[in-house]
Amino acid sequence: MLEMRTIRDQKELIAQNIRNRALQLDLDALLAADERARAAKTELDAIRQRRNEIGKAMQAPLSPQQRAPLVEEGRQLKEREAAAEQVHAASEAQRLALQVQVPNLTHPDAPIGKDDAENKELRVVGERPHFDFPPKDHVELMEALQLVDFEGGAKVAGQKFYYLKNQAVLLEIALMQFACRVLQEHGFTLYTTPDVARQDILSGIGFNPRGESTQIYNIENSDLSLVATAEITLGGLLAGDILDAEQLPMLCGGISHCFRTEAGSAGRESRGLYRVHQFTKIEMFAFTRPEESEAMHQRFVDIEEEIYQRLEVPYRVVDICTGDLGAPAYRKFDLEAWMPGRQRWGEITSTSNCTDYQSRRLNIRFKERGKKGTRLVHMLNGTAIAVSRAIIALVENGQQADGSIRLPKVLGLEDIHPR
RNA sequence: GGAGAGGUGGCCGAGUGGUCGAAGGCGCCAGACUCGAAAUCUGGUAGGGUGGUAACGCCCUCGUGGGUUCGACUCCCACCCUCUCCGCCA
């Protein structure tokens, strides 16, 4: 969420940003709602001020004749205050509903474009494999090797759920282990996290769990939702806290069980493990001083590249364009792996600098020694390894003519052979 | 799940109907002392909103939300969380 003052003072900039992001949003309605909310607050404050004055006056020893009119006025003010409070609460709710739709500002270097077709390729790293046989996709390969069971998944939990089997299970564990090790080497504190989170945490991160096209599974009779990523639980970890500046930057790595309804994406990229309702991910998260966030963002990209280089997966780095950025992201880079089964690049990691967009709503601040006041931290997230997509890349790129799969040495696993 | 205790500023901790944003301490900042530091002494030190060029004013915040009252940190209700004991359990 952006600060209302920013939206007021820099209306043109905000409006341009909304256009760049190809969003529809009535800024004037927001500004009007803001006017109403502030007017209501002024009104309410005036009533409260008078009430406080009466309270103060009543402390002095007073005769019953002096007290009576004060008590009466106080009584009346209480009623007026209640009415004013309702007006104020309603106008604030209206304002907030619009305010949270305003996307974050955007890095000046982010490419301007309306959708993912206009993302900018920054570099390609690694050699795409050449096959002297027609390459198969991961579904065909994995089913032949008894590494996955989609039918079982569908029977028990529905479409887009799956079981991993045999060596794929060890592969998942090895990938998680590898990613955790790398993060630890880079100074991250590792976490397992809850797989559910409260509404206010979800909204603070920028998810809208009860909205119409939500990606989120909600748990009935509670204000909990299944998390779509550990970005939610890691980012929410420090909600409401005031940190010492010396504690920053704070790096967290987490095992992330991801649950996504994938509403509205039926039929899109739906084959196999590419887009599923549940997967496991190792997530990076950082809380930084504002001055550090851009450098930290680069560092996240570097770590992602290190991981995929060590996994020997050919990939390219993409600078996400304005129209394809999520609302909280100030800038976003994706790594896309070469996927021979689809003959195209497929997203395997994503890292966003969300600046203070999330910390404002989650109220995560830091304090510097000797300085007055507090400042909002910057928050960044990034994928170390999203297991299901990493498996696609490894299996498809590592396939051999005899149907076996060659795996990168860093995982410490044997290659996978037909039984 | 049952019984009890408790949630106050960056931290610890007092405060049980009158203004208290809150004693005291720690920490931090500035100054004094010192060649310098430590110790000591003096003063300062919450966050947010809103109005104002500013000085400064006003409002909110003592877990959260309601209620009682002219007035609530203080009384009542609900919820959340923490701790102790008992039960249950991987």
Side-chain angles (χ1 to χ4, degrees), chain A residues 1-9 30-96 98-100 192-204 219-225 233 236-248 250 257 287 289-290 356-377:
Chain A
M1 176 169 82
L2 292 183
E3 198 174 14
M4 205 52 232
R5 190 177 325 192
T6 309
I7 301 173
R8 276 200 298 270
D9 295 348
L30 171 56
L31 291 168
D34 177 53
E35 283 299 326
R36 286 194 298 276
R38 282 189 298 154
K41 180 69 158 66
T42 303
E43 162 100 25
L44 179 61
D45 280 355
I47 295 170
R48 284 177 169 162
Q49 181 176 358
R50 180 62 192 143
R51 259 191 101 182
N52 288 340
E53 283 166 9
I54 291 173
K56 204 166 270 180
M58 296 283 292
Q59 282 175 85
L62 296 174
S63 68
Q65 289 86 344
Q66 289 168 311
R67 292 175 63 91
L70 289 176
V71 169
E72 180 51 28
E73 188 182 356
R75 202 170 274 150
Q76 284 172 16
L77 280 171
K78 190 157 56 164
E79 283 169 31
R80 283 179 55 201
E81 186 185 6
E85 265 172 359
Q86 282 201 3
V87 173
H88 177 241
S91 62
E92 260 199 336
Q94 273 179 15
R95 172 173 67 181
L96 183 65
L98 293 168
Q99 189 182 350
V100 297
T192 65
T193 83
D195 291 334
V196 297
R198 294 182 200 286
Q199 298 301 296
D200 53 338
I201 300 292
L202 281 275
S203 336
I219 295 175
E220 238 182 309
N221 301 323
S222 79
D223 73 336
L224 292 171
S225 304
T233 42
L237 183 62
L238 301 180
D241 288 357
I242 297 176
L243 312 168
D244 290 332
E246 297 92 274
Q247 293 176 268
L248 300 173
M250 198 175 277
H257 296 122
F287 302 88
R289 302 161 51 99
D356 58 11
Y357 193 85
Q358 298 171 322
S359 57
R360 180 166 297 109
R361 213 156 161 209
L362 291 169
N363 200 18
I364 306 178
R365 294 170 290 154
F366 71 97
K367 191 168 173 55
E368 288 170 288
R369 284 177 174 232
K371 289 202 180 165
K372 222 174 146 50
T374 56
R375 299 167 68 195
L376 294 167
V377 299

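Values in this document were obtained by computation on a predicted structure and should not be read as measured data. Numbered from 1 within each chain, the chains take letters A, B, ... in sequence-line order.
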Using only atom types and a distance under 3.5 Å, with no angle test, would you say the side chain of A:T233 pairs donor to acceptor with the backbone of A:T193?
no

In whole angstroms, the gap separating C1' of B:G9 from CG of A:D241 amounts to 15 Å

Tell me: CG of A:L62 to P of B:G18, nearest whole Å?
16 Å

Whole-Å distance, A:Q247 CD to B:C28 C1', equals 15 Å

Look at A:K56 together with A:E53 and state whether they make a salt bridge at an N to O cut-off of under 4.0 Å.
no

Please state how far atom CG in A:L376 lies from atom C1' in B:G48, giving the value in whole angstrom units.
11 Å

So CG of A:L238 and CD of A:Q247: to nearest 0.5 Å the spacing works out to 8.5 Å

5' priority, RNA chain B, between A:K367 and A:E72 [closest heavy atom]
A:K367

Got a sec, which pairs hit salt bridge (Lys or Arg N to Asp or Glu O under 4.0 Å) with one end in residues 61-72 of chain A, sequence neighbours left out?
A:E72-A:R75

Can you give one letter per nucleotide of nucleotides 49-65 of chain B, going 5' to 3': B for a protein heavy atom under 4.0 Å from the base, S for sugar-phosphate only, - for none?
BSS------SBS-----

Heavy atoms under 4.0 Å, any strand shown: does A:G55 hit a base, just sugar-phosphate, or nothing?
base

Among all residues two or more places apart in sequence or in another chain, which pass the ring-ring contact (aromatic ring centres under 6.0 Å, His included) test with A:F366?
none

Could you measure between the two C1' atoms, the one in B:A72 and the one in B:G66, and give it in whole Å?
14 Å

In whole angstroms, the gap separating P of B:C70 from CD1 of A:I54 amounts to 11 Å

Between which residue ranges does RNA chain B form stems of three or more consecutive Watson-Crick or G-U wobble pairs, both distances under 3.5 Å?
B:1-7 with B:80-86, B:10-12 with B:24-26, B:27-32 with B:40-45, B:46-51 with B:56-61, B:63-67 with B:75-79

What residues 358-366 of chain A contributes to the RNA chain B interface at heavy-atom separation below 4.0 Å is A:R365

Below 3.5 Å between N/O atoms, which protein atoms pair up with nucleotides 78-83 of chain B? Just atom names and distances, please.
none

